[in-house]
Colleague: 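I have a structure here, written as C-alpha cells, and I will follow up with some questions on it.
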Amino acid sequence: MSSKSVKITLPDGSLKSYIGPITAIDVAREISEGLARNVLAARVNDQVVDATRIIDADATLELLTWNDQDGKSTMWHSSAHLMAEALEALYPGVKLGIGPAIDAGFYYDVDFGDRPFDGDQLVLIENKMLELARQKNDFKRADISKTAAIEYFQRKGDEYKLELIDGLADGTITFYSQGNFTDLCRGPHIPNTGFIKAIKILNIAGAYWRGDEKRKQLTRLYGISFLKQKDLSEYLELLEEAKRRDHRKIGQELGLFTFSKKVGKGLPLWLPKGAILRERLENFLRKAQVKAGYDPVVTPHIGSKELYVTSGHYEKYGQDSFQPIRTPAADEEFLLKPMNCPHHCEIYKSQPRSYKELPVRYAEFGTVYRYEQSGELHGLTRVRGFTQDDAHIFCRPDQVKEEFAKVIDLTLYVLKALGFPEFTVQVSLRDPENPQKYIGSDADWNRAESEIQEVAAEKGLKTVVETGEAAFYGPKLDFMVRDAIGRKWQLGTIQVDYNLPQRFELEYVGSDNLKHRPVMIHRAPFGSLERFIAILIENTAGNFPLWLAPDQVAILPISEKYHDYAQQLFLDLQEKDIRGFIDHRDEKIGKKIRDAEVKKIPFMLIVGEKEQSEEKISIRAHGKGDLGTLSLIDFLETFQKEAFRDL
RNA sequence: GCCGACGUAGCUCAGGGGUAGAGCGUUUCCUUGGUAAGGAAGAGGUCGUGGGUUCAAUUCCCAUCGUUGGCUCCA
C-alpha cells in the first residue's frame with residue numbers, strides 16, 4: 001500500500017494530515033485514547049462505515065459513538081450478528097433470514113426448522129451472546145464474488161440468504177465475520193464484540209419472510225444491547241414506565257371504557273367517566289368548528305350497498321368488511337358505514353349548488369364500522385367501531401389550497417390545546433408500483449399530491465414523505481404520534497380528493513353559468529375519538545387537563561358531621577358546571593385523599609370543622625399537595641384560571 | 001388472517017391430578033378522624049367454553065372463544 005498524504009476534515013472544520021493509509025480509530029486515538037475506545041463506527045464522506053476501514057484518500061470524517069443514532073444502530077446491527085452466532089452455536093442448522101437494527105435495538109428472523117422454541121430459551125441465548133461478546137472477536141469485512149457467496153450458503157443450506165444474494169449484483173457483495181460466524185452483510189459493524197456488555201432479548205414473534213403473508217413465517221427475536229449494564233437497567237425501567245401509562249391499564253383503573261366478549265371484540269363500551277371525557281372533547285372541537293365555518297350534519301349508521309358501490313369502497317373493501325345487512329325484501333342490502341363521505345356527498349347533492357356558496361363544510365361525529373383483522377385489534381387504538389371527528393369540505397378547485405391550509409391550522413390548534421408535543425407530519429402519497437390500488441386519473445393525483453405538499457411547505461411544516469400510504473381515492477397529510485410502547489399511529493388526517501366528486505357526479509354552477517366539479521377535502525383532526533383518547537391517556541398518564549377531567553373535584557368531609565356542608569358545596573359547584581362527587585365513606589381523611597390521588601382527581605376539597613365555621617374550603621391539588629384554605633369565590637377563580645389555561 | 005404467549009374472585013396475582021388462596025375493592029359492625037391506606041367480621045370463584053385421557057381434571061391433551069407481542073392489513 002502506498003504511503004501518500006491523507007487530509008481528514010473533522011466536523012468542527014479542523015483539518016488533519018496523515019501519512020496514510022489510516023483508519024477512523026487512528027484519528028480518534030490521536031485525539032484521545034478514551035475516544036478511540038468509544039468509537040463504534042465512522043461517517044466518512046457522509047457514508048457510515050466500519051471504524052476500522054482504511055481511509056486512503058482525503059475525506060471528511062465524523063467519529064460515531066453511542067451518542068450518535070448511527071453509532072447505536074451499528075452496535076445493534078452487530079448485536080444481531082452476535083445473536084445469530086449464539087443461535088448457530090446453540091441450535092446447529094438454524095437458518096437465518098434478515099437481522100437489522102431498528103429504532104431501539106435489533107432483531108433477527110430465524111427458521112428453527114421443526115425445533116420447538118419457547119420463551120424460556122431466551123436467557124440461554126443472552127448468556128451465550130455475553131460469553132461470545134467477552135471473546136472480543138473482531139468484525140472482519142470481506143468482499144466476495146457472487147459465485148463464492150452462493151457456494152458458501154449452498155454449503156450451509158440457507159435458502160433465505162441465497163434468495164437475498166440472488167437479488168444482489170456481483171461485485172457489491174460483502175461478508176462479515178466474527179468468531180465462528182459469517183454472514184452476508186453490507187455492514188458496517190463495530191470493531192469487535194467486546195463493546196456489547198449488556199443484552200436483553202425482549203420478545204419473540206412471528207414474521208413473514210420478506211413481509212409477504214403468502215410465504216413462510218419465521219421466528220423473529222427482538223433484542224437490545226448496551227455498552228453498560230446500567231443503560232440496560234434504565235431502558236428496562238423505561239419500558240416499565242411505559243406499561244404503567246398504557247391506556248388499556250389506565251382506562252380500566254379510571255373506569256373510562258371496557259370491552260365485552262358478548263358485545264363483540266373491538267367494540268368499545270364507554271363507561272360514564274370515559275363518556276364525559278369524550279363529550280368534553282367533542283364539544284371542544286364543535287366550538288372550534290363553528291368558528292371555522294363548519295355546519296353540523298347527521299347521517300345514519302348504514303347505507304345501501306349501492307352507495308358504496310358508487311364510492312368504490314365496496315369494490316375495494318367489500319369482501320374484507322362486515323357483510324351486507326339484508327331485509328325481508330329480496331335483493332335489498334345495506335352496509336354498516338365504514339366511512340361518512342358517501343353520505344356527505346349525498347347531502348351535497350340534495351340541492352343545486354352555486355359557486356357562490358362554496359366552500360360548504362359538513363361536519364359530523366360519525367361512528368363507522370370496519371372489520372379489522374382480529375390480530376390487529378388493540379385497546380382503543382385499533383377497533384371495529386369508532387367515531388371519526390369527520391368533515392368534508394366541498395370547494396372550487398381554486399379554493400383547495402386555502403381550505404387545506406385552514407384545516408392544518410385547526411389540526412395544529414387541536415394538538416396544541418391537548419398538549420401533544422411530539423408528532424410527525426407525514427405526506428402519504430400513492431405507490432407508483434401499484435397503480436391498481438387507486439382510483440382516478442394520474443392528472444388528478446398529481447395535482448392533489450402537489451397541492452398537499454405545497455400547502456404543507458407554505459405552512460412551514462416539516463414533513464416526511466411516505467409513498468404507498470395514500471388512501472385509494474387520494475393523497476393525505478397525516479399527523480402521526482407514538483403510543484407508550486413506541487408504536488406509530490395516525491391521528492389527524494387531511495385528504496384531497498378529486499375522485500369521489502366525480503363518482504358521485506357532484507356539481508356546482510360557476511360564474512360562467514356552466515356546471516363544474518367541486519373538489520372534496522376529507523379531514524379529521526382527532527382522527528377517531530377512540531384512538532385520540534388512547535394516546536391522550538398515554539401522554540397524560542391519566543392526569544387530564546382540568547377541563548377534560550371526568551371528575552374535576554372530590555369533596556372530602558373530615559367526618560359525617562360535615563356532610564351537610566359538603567352537600568351545599570357540591571350544589572354550589574354543580575351550579576358552576578363543575579363536575580365532582582362527595583366521598584361519603586366512613587373513612588379517615590388520609591384514606592379519602594389517597595383514593596382521590598390515585599384516581600387522579602385534579603382538586604380535593606377538604607371540609608371539616610374549621611371550613612364549616614369559616615365558610616371556606618381547604619384545597620389540595622392532585623400531585624401538588626395542600627394549597628391552603630380559600631373561600632368558594634376564590635376557589636372558583638383559581639379553578640377557572642386553570643380550566644381555561646390551555647384553551 | 002398468520003406465528004408465539006396468556007386466560008384462577010370486581011381488580012392485581014399465587015397455586016396445582018384428590019372439587020381453591022392472598023392483597024386491594026365490596027358488605028356489616030366498631031371508630032367521627034385534619035392532608036397518600038384506622039380496626040374487626042363476612043360475602044364473593046361450576047379456575048374462559050366444549051370435548052378427550054383418568055377412579056378422579058381447575059391442573060394433562062385437543063378444539064374453540066377472548067386477550068396479548070409481533071407479522072400482514074388499515075377507507
Side-chain angles (χ1 to χ4, degrees), chain A residues 107 109 116-120 202-222 246 248-249 252-253 255 258-262 264-266 308 311-318 320-321 337-342 368-379 381-384 388 390 428 437 439 469-474 476 478 485 487 489-490 493 495 497 500 522 531 556-563 585-598 604-611 618-629:
Chain A
Y107 67 79
D109 285 346
F117 188 84
D118 65 70
D120 296 346
L202 296 160
N203 47 38
I204 32 181
Y208 299 110
W209 171 236
R210 309 208 101 172
D212 184 343
E213 63 180 318
K214 289 179 196 72
R215 306 199 61 180
K216 178 155 186 175
Q217 196 158 53
L218 307 180
T219 305
R220 178 169 295 179
L221 298 170
Y222 284 91
D246 193 308
R248 293 167 296 185
K249 185 173 159 66
Q252 186 183 58
E253 286 167 356
T258 190
F259 289 89
S260 146
K261 199 189 277 195
K262 208 163 215 166
K265 60 179 165 184
Y308 301 103
S311 71
H313 289 93
Y314 187 78
E315 193 198 341
K316 186 88 183 142
Y317 297 103
D320 308 320
S321 203
K337 74 174 170 190
M339 281 292 277
N340 303 299
C341 28
V368 297
Y369 300 89
R370 298 178 184 174
Y371 187 79
E372 303 288 5
Q373 292 184 30
S374 61
E376 265 311 328
L377 300 175
H378 178 89
T381 50
R382 194 80 184 269
V383 286
R384 286 181 171 169
Q388 297 179 313
D390 212 357
S428 301
K437 283 169 70 178
I439 56 171
E469 294 295 312
F472 74 92
Y473 49 74
K476 312 190 286 174
D478 293 327
I485 51 179
R487 274 199 281 221
W489 297 100
Q490 174 201 308
T493 180
Q495 310 165 2
D497 180 5
L500 291 189
H522 308 239
R531 184 178 288 174
L556 312 179
I558 296 284
S559 84
E560 72 185 295
K561 284 190 263 180
Y562 314 105
H563 282 184
R585 293 175 307 165
D586 180 10
E587 292 289 352
K588 290 195 182 177
I589 194 66
K591 170 74 166 166
K592 293 183 183 181
I593 286 170
R594 183 187 145 76
D595 288 349
E597 289 280 0
V598 169
M604 286 151 274
L605 310 183
I606 295 155
V607 291
E609 181 57 41
K610 195 173 70 163
E611 290 76 10
S618 283
I619 318 293
R620 181 185 165 105
H622 170 57
K624 298 196 188 79
D626 196 346
L627 296 189
T629 303

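The chains referred to below are lettered A, B, ... by the order of the sequence lines, with proteins before strands, and numbering in each begins at 1. Because only heavy atoms are used, hydrogens play no part in the values below, and waters and symmetry mates are left out as well, while side chains stay in. Remember, predicted model here, so these are calculated numbers, not experimental data.
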Colleague: So does A/Arg210 get a side-chain nitrogen or oxygen closer than 4.0 Å to the phosphate oxygens (OP1/OP2) of B/C71?
Modeller: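 So the side-chain polar atoms of A/Arg210 never come under 4.0 Å of the phosphate oxygens OP1 or OP2 of B/C71.
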
Colleague: If you assign A/Ala207 and A/Glu469 each to the RNA chain B nucleotide with the nearest heavy atom, which residue ends up on the more 5' nucleotide?
Modeller: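 Its nucleotide being nearer the 5' end, the pick is A/Ala207.
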
Colleague: Is the distance from OP1 or OP2 of B/C2 to the nearest side-chain N or O of A/Tyr208 less than 4.0 Å?
Modeller: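 Negative; the distance criterion is not met.
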
Colleague: Please give the stem ranges for RNA chain B, sorted by first residue number, where a stem is three or more consecutive Watson-Crick or G-U pairs and both donor-acceptor distances are under 3.5 Å.
Modeller: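 RNA chain B forms these stems: B:1-7 with B:65-71, B:10-13 with B:21-24, B:26-30 with B:38-42, B:48-52 with B:60-64.
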
Colleague: Does atom CD of A/Glu253 have more than 12 heavy-atom neighbours, drawn from other residues, nucleotides or ligands, at distances under 6.0 Å?
Modeller: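 Check passes, neighbour count above 12.
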
Colleague: Rounded to the nearest Å, what distance is computed from the CH2 atom of residue A/Trp209 to the P atom of nucleotide B/G70?
Modeller: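 For the pair A/Trp209 CH2 and B/G70 P, the rounded distance is 21 Å.
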
Colleague: At less than 4.0 Å, is any side-chain N or O atom of A/Ser374 found next to OP1 or OP2 of B/G1? Yes or no.
Modeller: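 Yes, A/Ser374 has a side-chain N/O under 4.0 Å of OP1/OP2 on B/G1.
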
Colleague: Measure the CZ-CG distance between A/Arg384 and A/Leu377 for me, rounded to the nearest 0.5 Å.
Modeller: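 Going from the CZ atom of A/Arg384 to the CG atom of A/Leu377 covers 5.0 Å.
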
Colleague: Quick one: is B/C24 close enough that its OP1 or OP2 comes under 4.0 Å of any side-chain N or O from A/Lys591?
Modeller: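 So the side chain of A/Lys591 is outside the cut-off, no N or O lying under 4.0 Å from OP1 or OP2 of B/C24.
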
Colleague: So, OP1 or OP2 of B/G69: does either fall under 4.0 Å of a side-chain N or O from A/Arg487?
Modeller: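 Result: yes.
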
Colleague: Are any of A/Gln252's side-chain N or O atoms less than 4.0 Å away from OP1 or OP2 of B/U12?
Modeller: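 For B/U12, OP1 or OP2 has a side-chain N or O of A/Gln252 closer than 4.0 Å.
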
Colleague: With RNA chain B as reference, determine whether A/Lys249 or A/Lys437 sits nearer its 5' end, using the nearest nucleotide of each.
Modeller: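 The residue mapped nearer the 5' terminus is A/Lys249.
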
Colleague: Once you measure the plane-to-plane angle for A/His522 and A/Tyr473, does it fall in the parallel (<30°), tilted (30-60°) or perpendicular (>60°) bin?
Modeller: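 It falls in the parallel class, under 30°.
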
Colleague: Using a cut-off of less than 4.0 Å, is there contact between a side-chain N or O of A/Tyr222 and OP1 or OP2 of B/C71?
Modeller: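 So the side-chain polar atoms of A/Tyr222 do come within 4.0 Å of the phosphate oxygens OP1 or OP2 of B/C71, strictly under.
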
Colleague: Are OP1 or OP2 of B/C74 and a side-chain N or O of A/Arg531 less than 4.0 angstrom apart?
Modeller: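 A/Arg531 to B/C74 OP1/OP2: no side-chain N or O under 4.0 Å.
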
Colleague: Could you give the distance separating B/A9 and B/C47 at their P atoms, to the nearest angstrom?
Modeller: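 That atom pair is separated by 10 Å.
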
